[in-house]
2 protein chains.
Amino acid sequence: MLRIDLRLRYPRDMPSTEPPPTRPLRRDAERNLQRIHAAARELFAERGFAVTLDDIAARAEVGVGTVYRRYPDKHALIDLLFEERMAQIVALFDAGLADPDPWRGLVSALEESLAPMVQDRGLWELMMSGDHGGDGVERGRVQLAPRMEQLVRRAQAAGAVRVDLEPSDLPLTLLALGALINATRDVAPDVWRRHLQLGLDGLRPDRRKPTPLPHEALTIDELGRAMRGSHHA
Amino acid sequence: MLRIDLRLRYPRDMPSTEPPPTRPLRRDAERNLQRIHAAARELFAERGFAVTLDDIAARAEVGVGTVYRRYPDKHALIDLLFEERMAQIVALFDAGLADPDPWRGLVSALEESLAPMVQDRGLWELMMSGDHGGDGVERGRVQLAPRMEQLVRRAQAAGAVRVDLEPSDLPLTLLALGALINATRDVAPDVWRRHLQLGLDGLRPDRRKPTPLPHEALTIDELGRAMRGSHHA
DNA sequence: CTGAAACGGAGTCAGCTTCTCCGGTTGATA
DNA sequence: TATCAACCGGAGAAGCTGACTCCGTTTCAG
């Protein structure tokens with residue numbers, strides 16, 4: 001399925017080697033494009049990447065043809081919409097790195113990069129299963145790794161994190177917490193914070209007493225509903 | 001899709017109110033039934049419950065009709081094959097409860113109930129997403145909950161586990177680790193033990209130093225492969 | 001007003017799984 | 001070793017779902 005990268009954005013002011021800036025879209029075309037973007041954002045957030053381009057067209061109140069005219073496939077659309085999201089997350093890690101307190105920086109980066117996944121199933125799938133998105137998203141993913149590593153190393157140097165923790169352990173921890181988020185998002189959208197704290201308490205070199213846990217635990221009933229949901233992707 | 005529970009096992013010696021013990025299957029029928037079971041077990045383990053009854057028939061070297069004659073749908077087959085597996089896991093928790101050392105009992109129950117999921121994708125799906133299997137499996141799931149609770153309470157009473165941990169936290173932790181297992185099974189089938197330990201260190205009330213981590217961390221390359229795999233269900 | 005640009009959405013295609021049907025084969029029984 | 005009920009096999013019918021196209025119609029720009 002040949003993929004062509006045709007993002008129809010406004011010409012950016014950069015030294016383009018490209019053909020002359022295609023003249024702006026007709027007004028109706030521009031309006032529809034925005035509608036498609038909005039619809040796609042909503043649907044990806046609600047239902048993940050399993051949605052159909054047909055679904056998106058319906059939500060945008062636009063014909064399928066119109067969507068296919070702009071985007072040869074879902075990948076292009078995903079890549080366009082999520083490149084920015086990825087950049088935001090990278091920025092979060094930079095902010096963590098900038099925090100004078102290495103531990104606090106680590107914790108806040110984790111917290112704030114996990115939080116948006118509760119609202120956005122698409123973002124979750126993007127982070128968890130690697131085979132979505134295109135170059136733009138991939139670029140973000142690549143930038144993330146060294147930042148995580150640095151965050152860990154700096155915290156270790158400060159004595160805030162156990163020394164036997166390796167950088168690759170962090171992404172795996174995030175993956176595990178991501179699964180937890182996915183299972184509980186509809187039942188108790190904040191329990192993941194409790195489990196993040198539990199996990200963090202395992203990362204410290206030593207500890208006198210348990211760090212207080214945020215958020216109540218799931219009730220038995222909530223737990224049942226969380227486990228019964230069908231957690232795909 | 002009406003589900004009929006027709007397990008064609010040998011008549012059990014129990015005070016049956018049922019019609020007279022259906023006479024044994026013809027020899028070829030019996031042979032095929034065994035083949036189907038074996039094939040199903042293999043395929044569920046390798047590829048999860050997404051496999052088709054047609055796939056199973058092919059692996060069993062039997063016609064599709066033969067499979068459908070025995071099992072109206074996949075559920076019946078899954079339930080039959082996994083009822084026993086569930087019982088084993090319940091037994092594992094009982095064993096943990098029988099351990100004089102509450103902490104060791106807890107740890108070993110977790111370890112040993114997680115371990116088989118590395119080999120058996122089906123078992124993993126069964127534990128993680130609730131909507132597979134039938135009554136037999138469900139019965140197992142129901143028995144599990146109180147045992148987990150007791151395991152936690154007992155360890156807390158002994159001062160081995162932080163007191164703010166609630167029983168519902170345990171299944172969620174298992175769920176998270178399950179996701180980790182699923183992502184890493186093909187790349188490094190044992191890293192999950194490392195992360196279990198990390199998690200366990202978070203459950204203790206206090207701790208002088210980190211418990212040594214079993215197994216090496218993932219290399220960057222392994223991590224990449226783990227995250228790139230498509231982790232379904 | 002006119003034609004190029006863009007739209008819409010019914011309809012075609014392709015892939016997949018489920019499940020049936022019945023001519024042919026096999027095993028139990030005498 | 002003959003008989004027939006039980007059982008097998010697997011082509012293919014039927015149903016679904018999602019991807020994508022095509023062309024008559026509408027809309028905008030100048």
Side-chain angles (χ1 to χ4, degrees), chain A residues 1-4 6 8-9 20-40 43-44 47-79 122 125 131-132 134 230 232-233, chain B residues 1-4 6 8-10 20-40 43-44 47-78 125 131-132 230 232-233:
Chain A
M1 185 186 298
L2 119 136
R3 296 218 224 122
I4 305 165
L6 44 81
L8 292 174
R9 309 192 205 144
T22 47
R23 64 187 164 71
L25 291 171
R26 236 170 61 176
R27 198 167 325 144
D28 55 346
E30 176 60 28
R31 175 178 49 79
N32 284 338
L33 197 55
Q34 296 308 330
R35 282 189 174 194
I36 290 170
H37 289 176
L43 284 175
F44 286 150
R47 305 207 232 121
F49 297 141
V51 295
T52 303
L53 285 197
D54 289 47
D55 288 336
I56 293 173
R59 171 77 62 112
E61 296 181 278
V62 142
V64 232
T66 302
V67 176
Y68 280 97
R69 200 169 307 114
R70 300 288 169 220
Y71 301 97
D73 56 38
K74 242 186 327 192
H75 272 85
L77 189 48
I78 292 175
D79 197 49
E125 289 179 19
D131 48 301
H132 300 288
S230 48
H232 52 156
Chain B
M1 186 186 298
L2 118 136
R3 295 217 226 122
I4 306 166
L6 45 82
L8 293 176
R9 307 192 207 148
Y10 293 139
T22 48
R23 64 188 166 71
L25 292 171
R26 237 171 61 174
R27 199 165 326 143
D28 55 346
E30 175 61 26
R31 175 178 49 80
N32 284 339
L33 196 55
Q34 296 309 330
R35 283 188 174 194
I36 290 170
H37 289 177
L43 284 175
F44 285 151
R47 310 217 290 263
F49 297 141
V51 294
T52 305
L53 285 197
D54 289 47
D55 288 337
I56 294 174
R59 171 78 62 111
E61 296 181 278
V62 141
V64 233
T66 304
V67 176
Y68 280 97
R69 199 170 307 115
R70 300 290 167 216
Y71 301 98
D73 56 38
K74 242 185 328 191
H75 273 85
L77 189 49
I78 291 174
E125 289 180 20
D131 48 304
H132 300 288
S230 50
H232 52 155

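Naming convention: chains lettered A, B, ... in sequence-line order (proteins, then strands); numbering from 1 in each chain. Heavy atoms only: backbone and side chains are in, while hydrogens, waters and symmetry mates are out. Treat the numbers as computed from the prediction; the structure is a model and nothing was measured.
Put simply, CG on B/L53 is 11 Å from P on C/dT17, counting in whole angstrom units. Put simply, CZ on B/R69 is 8 Å from C1' on D/dG9, counting in whole angstrom units. Between B/I56 atom CD1 and C/dT17 atom P there is a gap of 12 Å when expressed in whole angstrom units. Taking atom CZ of A/R31 as the reference point, atom P of C/dA6 lies 13 Å away to the nearest angstrom. Taking atom CG of A/D55 as the reference point, atom P of C/dG9 lies 15 Å away to the nearest angstrom. The nearest whole Å value for the distance from the CG atom in A/L43 to the P atom in D/dG18 is 13 Å. Taking atom CZ of residue B/R59 and atom C1' of nucleotide D/dG9, one finds them 19 Å apart after rounding to whole Å.
Classification of the B/H37-B/Y71 ring pair by plane angle, with boundaries at 30° and 60°, yields tilted.
Taking side-chain N and O atoms only, B/N32 has a distance below 4.0 Å to OP1 or OP2 of D/dC8. Contact annotation: B/R27 reaches the phosphate of C/dA28 (side-chain N/O to OP1 or OP2, under 4.0 Å). The side chain of B/T52 places an N or O atom within less than 4.0 Å of a non-bridging phosphate oxygen (OP1 or OP2) of C/dT18. Listed pair A/R26 / C/dA4 fails the phosphate criterion, with no side-chain N or O lying under 4.0 Å from OP1 or OP2. Under 4.0 angstrom from either OP1 or OP2 of D/dG9 there lies at least one side-chain N or O belonging to B/T66. Close to D/dG18, at under 4.0 Å from its OP1 or OP2, lies no side-chain N or O of A/K74.
Each of B/V64 and A/G65 lies near DNA chain C, and the nucleotide nearest A/G65 is the one positioned closer to the 5' end.
In this structure, the side chains of B/L53 and B/I56 come closer than 4.5 Å at one or more pairs of heavy atoms.
In this structure, the nucleotide among C/dA6, D/dG10, C/dG27 sitting nearest to the side chain of A/R70 is C/dA6. The side chain of A/D54 lies closest to D/dA19 when the candidates are D/dA19, C/dA6, C/dT20.
Distance check: B/R59 CZ to B/E61 CD gives 10.0 Å after rounding to the nearest 0.5 Å.
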